[in-house]
K.L.:
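Sharing a structure with you now.
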Amino acid sequence: MPHTNKKRLAPLCLAPVFLALATAWACSAHSASAGVVEGVRFGDRPDGTRVVLDLTHPVSHRVFTLKNPDRVVVDLYDTRPPDSAITSTAGRGAVSRVRMAPRGGDDLRVVFDLTAAAVPSTFLVAPKDQQGHRLVIDLKAHSGASSPVKALPAALNQRDIVIAISAGHGGGDPGAIGPKGTYEKNITMQIARRLKSLIDAETGLRSVLVRDGDTRVDHRERMRRARVAKADLFVAIHADAFHDRRAHGASVYVLSDRGASSEAARWLAAKHNAQDLVGGVSLDDKDDVIASVLLDLSQNATLSASLQAGEAVLGELDGVSRLHKRTVQQAGFLVLKSPDIPSILVETAFISNPKEERQLLDPAHQQRVARAIHAGVVNYFAVNSPPGTRFASLRKNKPALVNHTISRGETLGGIAQRYNVPVHVLRSTNGLKSDRIRSGQKLKIPLSTGG
């Protein structure tokens, strides 16, 4: 087990739209960086159309294209329209209409309906003079039909999604020791290698072992190696232990809010000496306020993605092992503190439990555990593929089914809203005759990257 330890651009032929969208947003310890789209403006370019989103804050975002009909979709993390209202307005140039709606509770999806296929590129602009934060989206005219992914730059289309696999402990740190003397470090390495083989066999995915051999790797060095590998997901593998040998079952952890806060303080304190990047933006040359906002944006998006990945993996483990906890847990594990890489920690079983120690020594069981983690990773990226990756191209228009275990207090409507799936689709997919559900019940969630 792990150790715990503003406002407008110069004219440039840009027509203001959504001028009534300006609004104040709530400030709290957890939502101080929440942003609002203040306006959407258009400009003509020789090769297409420029769209500018005026923002109250810098944002983390992703962009991708869809066909039939042609659309460009921009997801803005931790961003909202005024009063979370659905907004729609006419466009200009290559854009026939703009639609805006909340997504996943804390994010905002902006959909640009196009008159014809276009190639999108985006960049953020920092405040200057009287102008605030802006996200600029250039839509270059595209000739000929193409798939959504092919509409992106060719170089991006070749990138594999990278998963960093971190086998717990190693070297002089054996980790937990089972009743028969089994070292956790050996079990985690064996499962990690099996998982690597499965991931590397999946077209569009590639894995790296954070430690490859019986060596001890410091937790922060593990985070650094994952960042050097440009990992899209960090998966730490461990085997739990407890003084009561009856404790049993698998668990999945992500970073807690408290753990994220302590790490944010460390990054901000050392930012002038650090060469690390947060969401692709260096903190070194930023003042404390901007650095704090950027780090908070990155951590919020990363933690949200970590929870989604953790839920996908936990749902698959439920069919292989008994679960110690039926929901994703949050803790301050140091190895999960990377602010820019979604990270999960899988406790495969209790090595202190004699029965589970025997299972962990069984190659067939190790393979089943590796397959469950692999399936969860595939399900997660089936609906969260970085745009322009080979995996995104292969999975387009192929909805994934993700397992969701119902927690106390959840409703079918709330789950539907969380996954952006109609309630009637959840009922039909799971054979439900009503909206009544119970704690511990498993649901199959049909997901799609469609907009």
K.L.:
Which label fits Phe381 and Phe391: parallel for a plane angle under 30°, tilted from 30 to 60°, or perpendicular past 60°?
P.N.:
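Correct class here is perpendicular.
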
K.L.:
What I'd like to find out is whether the side chain of Phe64 reaches to under 4.5 Å of the side chain of Pro386, using heavy atoms alone.
P.N.:
no

K.L.:
For Arg427, what residues pass the side-chain contact (heavy atoms from CB on, under 4.5 Å) criterion, not counting sequence neighbours?
P.N.:
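For Arg427 the side-chain contact (heavy atoms from CB on, under 4.5 Å) partners, ignoring immediate neighbours, are Leu412, Val423, His424, Leu432, Asp435.
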
K.L.:
Using the side-chain contact (heavy atoms from CB on, under 4.5 Å) criterion, which residues pair with Thr203? Sequence neighbours excluded.
P.N.:
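For Thr203 the side-chain contact (heavy atoms from CB on, under 4.5 Å) partners, ignoring immediate neighbours, are Arg390, Leu394.
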
K.L.:
Test your reading of the model: is there a side-chain donor-acceptor pair from Arg62 to the backbone of Val73, 3.5 Å cut-off?
P.N.:
no

K.L.:
When you measure from the side chain of Thr56 to the backbone of Val36, do you find a donor-acceptor pair of N or O atoms at a distance under 3.5 Å?
P.N.:
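Side chain of Thr56 to backbone of Val36, a donor-acceptor pair under 3.5 Å: yes, one is there.
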
K.L.:
For Lys325, does the NZ atom have more than 12 heavy-atom neighbours from other residues, nucleotides or ligands under 6.0 Å away?
P.N.:
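Atom NZ in Lys325 is not crowded, with 12 or fewer foreign heavy atoms closer than 6.0 Å.
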
K.L.:
List in chain and number order the residues that pass side-chain contact (heavy atoms from CB on, under 4.5 Å) with Ala372, two or more places apart in sequence or in another chain; answer none if no residue qualifies.
P.N.:
Glu316, Leu317, Val320

K.L.:
Check for a donor-acceptor pair, side chain of Glu347 on one end and backbone N or O of Ala250 on the other, with a separation under 3.5 Å.
P.N.:
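Not at all, since once roles are kept as given, no pair shorter than 3.5 Å links the two residues.
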
K.L.:
Taking atom CG of Leu314 and atom CG of Leu323, what is their separation to the nearest 0.5 Å?
P.N.:
5.0 Å

K.L.:
Are the charged groups of Asp232 and Arg159 less than 4.0 angstrom apart, N to O?
P.N.:
yes

K.L.:
Please report the shortest heavy-atom distance between Ala118 and Pro120, naming the atom on each side.
P.N.:
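So the minimum-distance heavy-atom pair works out to O-CD, 3.5 Å.
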
K.L.:
State the CD1-CG distance between Ile165 and Leu195, to the nearest 0.5 angstrom.
P.N.:
4.0 Å

K.L.:
Once you round to the nearest 0.5 Å, how far does CG of Leu114 lie from OG1 of Thr65?
P.N.:
8.5 Å

